[in-house]
Amino acid sequence: MARVLVVGAGLTGSACAALLRGAAPGRLEVWDKARGAGGRMSTSRCAPDAACAGTADLGAQYFTLEPGRAGPHRSFYEELLSHGILEPLTAPIEGMVVKEGSRNYMAPQGTSSIVKYYLKQSGADVFYEHHVTEISLRGGKWEVSRKMGLPEQFDIVILTMPVPQILQLQGDIVNIINENQKQQLESVSYSSRYALGLFYEAGTRIDVPWAAQYITNNPCIRFISIDNKKRNIESPEIGPSVVIHTNVTFGCNHLDSDLAEVQQLILNHLESILPSLPKPASIKCQKWRYSQVTKAVPNCPGQMILHTQPLLICGGDGFTHSNFDACIDSAMSLVKAIKSHL
């Protein structure tokens with residue numbers, strides 16, 4: 001029985017795993033270094049000791065189906081809509097650029113629910129806190145090592161993490177990636193930013209006329225969302241949550257700063273924008289070192305094959321763009337390449 005490993009439980013990895021179901025004979029596993037699913041589509045909860053029950057999307061906020069993409073991806077949206085994973089975005093978002101014919105959607109249970117849905121559909125065995133460090137050839141198989149635990153062997157390995165993390169892997173993979181591929185992978189660039197989640201106790205009121213707002217005149221903050229309002233969640237038992245995304249310049253300038261200092265800087269700027277905002281019961285500060293792709297791998301739409309026998313292949317938004325459709329494109333491209341090698 002063949003063993004197939006997908007590294008990365010984000011959108012590309014989970015969609016790839018779902019599309020592989022029944023196509024790759026044997027056991028399918030998904031490993032992720034985080035404590036839960038989502039990647040940059042993560043949905044966070046307040047601190048366990050805080051008296052609040054809200055959640056906040058600290059990564060992707062909503063999804064736009066553009067007119068030119070409706071054909072190849074309509075079935076993905078329709079499936080998620082039919083299961084209540086996606087719903088039309090009806091809440092007002094100030095400053096959002098709306099293209100004619102486009103449709104916007106949000107995830108009422110949080111954006112990580114999309115990834116969790118695909119992981120469930122895949123039937124894969126999913127393991128969290130599995131941080132891959134080395135990949136080497138051993139007896140015609142891939143031996144995959146992680147920070148904690150013994151190495152394991154697989155017949156096919158699919159890498160879907162950010163491209164710089166692929167280049168950081170040790171073992172035989174360092175020499176397997178040829179010079180041309182290395183140059184292509186090294187040319188990829190990402191923006192960086194921070195996200196802040198503020199969680200409130202039930203009954204707290206946040207009186208603003210919008211569900212989310214793009215900020216254009218602040219040196220730190222680019223986007224603010226009243227996350228429960230954005231997702232049309234009104235419940236006396238669940239407190240509101242607020243999400244703040246910084247702009248790219250602030251993220252780059254403070255990329256290696258102390259997290260607590262960055263959090264306070266963001267809160268100071270937030271107070272200047274929303275001085276009447278109540279004090280939260282809990283705060284989470286998230287650094288996105290690889291937030292969005294600004295330059296993708298050239299001449300490799302969707303994926304790159306690093307080794308054929310056994311198959312080692314990589315994909316993700318670094319090979320397309322950082323949005324829902326592009327990640328689905330990469331997942332489909334990965335599966336097509338894998339099927340041709342089975």
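Numbering of residues begins at 1 and proceeds along the displayed sequence.
- Hydrophobic cluster membership for Val97: none, as no Ile, Leu, Val, Met, Phe, Trp or Tyr side chain comes under 4.5 Å of it.
- Summarising the local packing, CD of Glu271 is surrounded by 12 or fewer heavy atoms from other residues, nucleotides or ligands at distances under 6.0 Å.
- Two residues are said to be in side-chain contact when any heavy atoms from C-beta on lie closer than 4.5 Å; Asp256 and Arg289 meet this criterion.
- Judged by a 6.0 Å distance limit and a 45° cone about the ring axis, Arg35 is not positioned over the six-membered ring of Tyr128.
- Shown here is Lys284, whose NZ atom has no more than 12 heavy atoms of other residues, nucleotides or ligands within 6.0 Å.
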Would His321 and Val293 count as a side chain to side chain contact (heavy atoms under 4.5 Å, CB included) here? Give the steps.
CA-CA 6 Å; His321 303 286; Val293 175; 5.9 Å; no
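- Side chain of Ser330 to backbone of Gly302: a donor-acceptor contact under 3.5 angstrom is found.
- Going from atom CD of Gln61 over to atom CE of Met41 covers 11.0 Å, rounded to the nearest 0.5 Å.
- Residue Val248 belongs to no hydrophobic cluster, having no ILVMFWY side-chain heavy atom closer than 4.5 Å to its own.
- Arg222 CZ: more than 12 foreign heavy atoms inside a 6.0 Å radius.
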For side chain to side chain contact (heavy atoms under 4.5 Å, CB included), just list the numbers for Ser272 and Asn218, CA-CA rounded to whole Å, side-chain angles, deciding distance to a tenth of an Å, and then say yes or no.
CA-CA 9 Å; Ser272 70; Asn218 186 274; 3.9 Å; yes
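- If you check the side chains of Gln165 and Tyr290, you find no donor sitting under 3.5 Å from an acceptor.
- Here the closest non-hydrogen pair linking Val4 and Phe154 is C-CD2, 4.1 Å.
- A donor-acceptor pair is defined here as one N or O able to donate and one able to accept, closer than 3.5 Å; no such pair exists between the side chain of Thr12 and the backbone of Gly316.
- For the pair Phe319 and Asp329, the minimum side-chain heavy-atom distance is 4.5 Å or more.
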Let me have the donor-acceptor pairs involving side chains of residues 51-58, under 3.5 Å, with sequence neighbours excluded, atom names and distances please.
{"from": "Thr55", "atom 1": "OG1", "to": "Arg231", "atom 2": "NH1", "distance (Å)": "3.1"}
{"from": "Thr55", "atom 1": "OG1", "to": "Arg231", "atom 2": "NH2", "distance (Å)": "3.0"}
{"from": "Asp57", "atom 1": "OD1", "to": "Thr43", "atom 2": "OG1", "distance (Å)": "2.8"}
{"from": "Asp57", "atom 1": "OD1", "to": "Thr111", "atom 2": "N", "distance (Å)": "2.9"}
{"from": "Asp57", "atom 1": "OD1", "to": "Thr111", "atom 2": "OG1", "distance (Å)": "3.4"}
{"from": "Asp57", "atom 1": "OD2", "to": "Lys230", "atom 2": "NZ", "distance (Å)": "3.1"}

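- A donor atom on one side chain and an acceptor atom on the other are found under 3.5 Å apart for Thr294 and Ser189.
- Taking a 6.0 Å sphere around CG of Asn268, one finds it holds more than 12 heavy atoms contributed by other residues, nucleotides or ligands.
- Residues Leu28 and Arg21 fail the side-chain proximity criterion, which asks for heavy atoms closer than 4.5 Å.
- Without hydrogens or angle criteria, Trp210 side chain to Ala91 main chain gives no donor-acceptor distance under 3.5 Å.
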Would Ile166 and Met304 count as a side chain to side chain contact (heavy atoms under 4.5 Å, CB included) here? Give the steps.
CA-CA 12 Å; Ile166 295 173; Met304 176 187 285; over 6 Å; no
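- Across all non-hydrogen atoms, the minimal contact from Leu185 to Val163 is O-CG1, 3.3 Å.
- His307 places a side-chain N or O within donor-acceptor distance of the main-chain N or O of Pro310, the cut-off being under 3.5 Å.
- Residues Phe63 and Ile114 have side chains in contact (heavy-atom distance under 4.5 Å, counting atoms from C-beta outward).
- For the side chain to side chain donor-acceptor pair (under 3.5 Å) test, residues two or more places apart in sequence or in another chain that qualify with Thr64 are Asn104.
- Within the 4.5 Å cutoff, the side chain of Ser42 has heavy atoms near those of the Trp288 side chain.
- In terms of the salt bridge (charged side-chain N to carboxylate O under 4.0 Å, His left out) criterion, residue partners of Arg146 (sequence neighbours excluded) are, by chain and number, Glu152.
- In terms of modelled atom types and a separation under 3.5 Å, the side chain of Gln303 and the main chain of Pro301 share no donor-acceptor contact.
- Within the hydrophobic cluster formed by Ile, Leu, Val, Met, Phe, Trp and Tyr side chains joined at under 4.5 Å, directly or through other members, Met148 stands alone, with no partner residue.
- The side chain to side chain donor-acceptor pair (under 3.5 Å) check on Arg138 picks up nothing, with sequence neighbours excluded.
- Panel note: side chain Asp125, backbone Glu29; no donor-acceptor pair is recorded below 3.5 Å.
- Thr160 and Gly13 get closest at one heavy-atom pair: OG1-CA, 3.7 Å.
- Residues Asn232 and Met106 are in side-chain contact: their nearest non-hydrogen atoms beyond the backbone lie under 4.5 Å apart.
- The closest donor-acceptor contact from the side chain of Asp172 to the backbone of Leu137 lies under 3.5 Å.
- Applying the salt bridge (charged side-chain N to carboxylate O under 4.0 Å, His left out) criterion to Asp317, with sequence neighbours excluded, gives Arg40.
- Put simply, the side chain of Tyr117 does not reach to within 4.5 Å of the side chain of Gln109, judged on heavy atoms.
- Formation of a donor-acceptor pair under 3.5 Å by the Gln170 side chain with backbone atoms of Gln168 is found in this model.
- Between the CD atom in Gln181 and the CD atom in Gln183 there is a gap of 11.0 Å [rounded to 0.5 Å].
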Would Asp155 and Arg27 count as a salt bridge (charged side-chain N to carboxylate O under 4.0 Å, His left out) here? Give the steps.
CA-CA 10 Å; Asp155 300 281; Arg27 181 180 178 184; over 6 Å; no
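- Although no hydrogens or angles enter the test, the distance criterion places no donor-acceptor pair under 3.5 Å between the side chain of Arg103 and the main chain of Pro88.
- Side-chain contacts under 4.5 Å among hydrophobic residues (ILVMFWY), followed directly or transitively, place Ile238 with no other residue at all.
- Here Asn253 contributes atom CG and Ser192 contributes atom OG; the two are 10.5 Å apart, rounded to the nearest 0.5 Å.
- When all heavy atoms are compared, the tightest approach of Gly318 to Val188 is O-CG2, 4.1 Å.
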Would you be so kind as to tabulate the donor-acceptor pairs closer than 3.5 Å made by side chains of residues 335-342, with sequence neighbours excluded?
{"from": "Ser340", "atom 1": "OG", "to": "Ala337", "atom 2": "O", "distance (Å)": "2.6"}
{"from": "His341", "atom 1": "ND1", "to": "Ala337", "atom 2": "O", "distance (Å)": "2.9"}

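- For the pairing with Phe324, the ring pair (Phe, Tyr, Trp, His ring centres under 6.0 Å) check across Tyr77, Phe76, Tyr105 returns one residue only, Tyr77.
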Which atom pairs, donor and acceptor, lie under 3.5 Å between side-chain atoms of residues 193-209 and protein residues at least two apart or in another chain?
{"from": "Arg193", "atom 1": "NE", "to": "Ser291", "atom 2": "OG", "distance (Å)": "3.0"}
{"from": "Arg193", "atom 1": "NH1", "to": "Thr246", "atom 2": "O", "distance (Å)": "3.3"}
{"from": "Arg193", "atom 1": "NH2", "to": "Gln292", "atom 2": "OE1", "distance (Å)": "3.3"}
{"from": "Tyr194", "atom 1": "OH", "to": "His254", "atom 2": "O", "distance (Å)": "2.6"}
{"from": "Tyr194", "atom 1": "OH", "to": "Leu255", "atom 2": "O", "distance (Å)": "3.4"}
{"from": "Tyr200", "atom 1": "OH", "to": "Pro278", "atom 2": "O", "distance (Å)": "3.0"}
{"from": "Thr204", "atom 1": "OG1", "to": "Glu201", "atom 2": "O", "distance (Å)": "2.8"}
{"from": "Arg205", "atom 1": "NH2", "to": "Asp207", "atom 2": "OD1", "distance (Å)": "3.1"}

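- Partners of Ser145 according to the side chain to side chain donor-acceptor pair (under 3.5 Å) rule, which considers only residues two or more places apart in sequence or in another chain, do not exist here.
- Proximity of Leu270 to Ile224: side-chain heavy atoms (C-beta onward) are separated by under 4.5 Å at one or more points.
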Audit row: Leu20, Ile158, side chain to side chain contact (heavy atoms under 4.5 Å, CB included) steps and yes/no
CA-CA 11 Å; Leu20 276 175; Ile158 306 154; 3.7 Å; yes
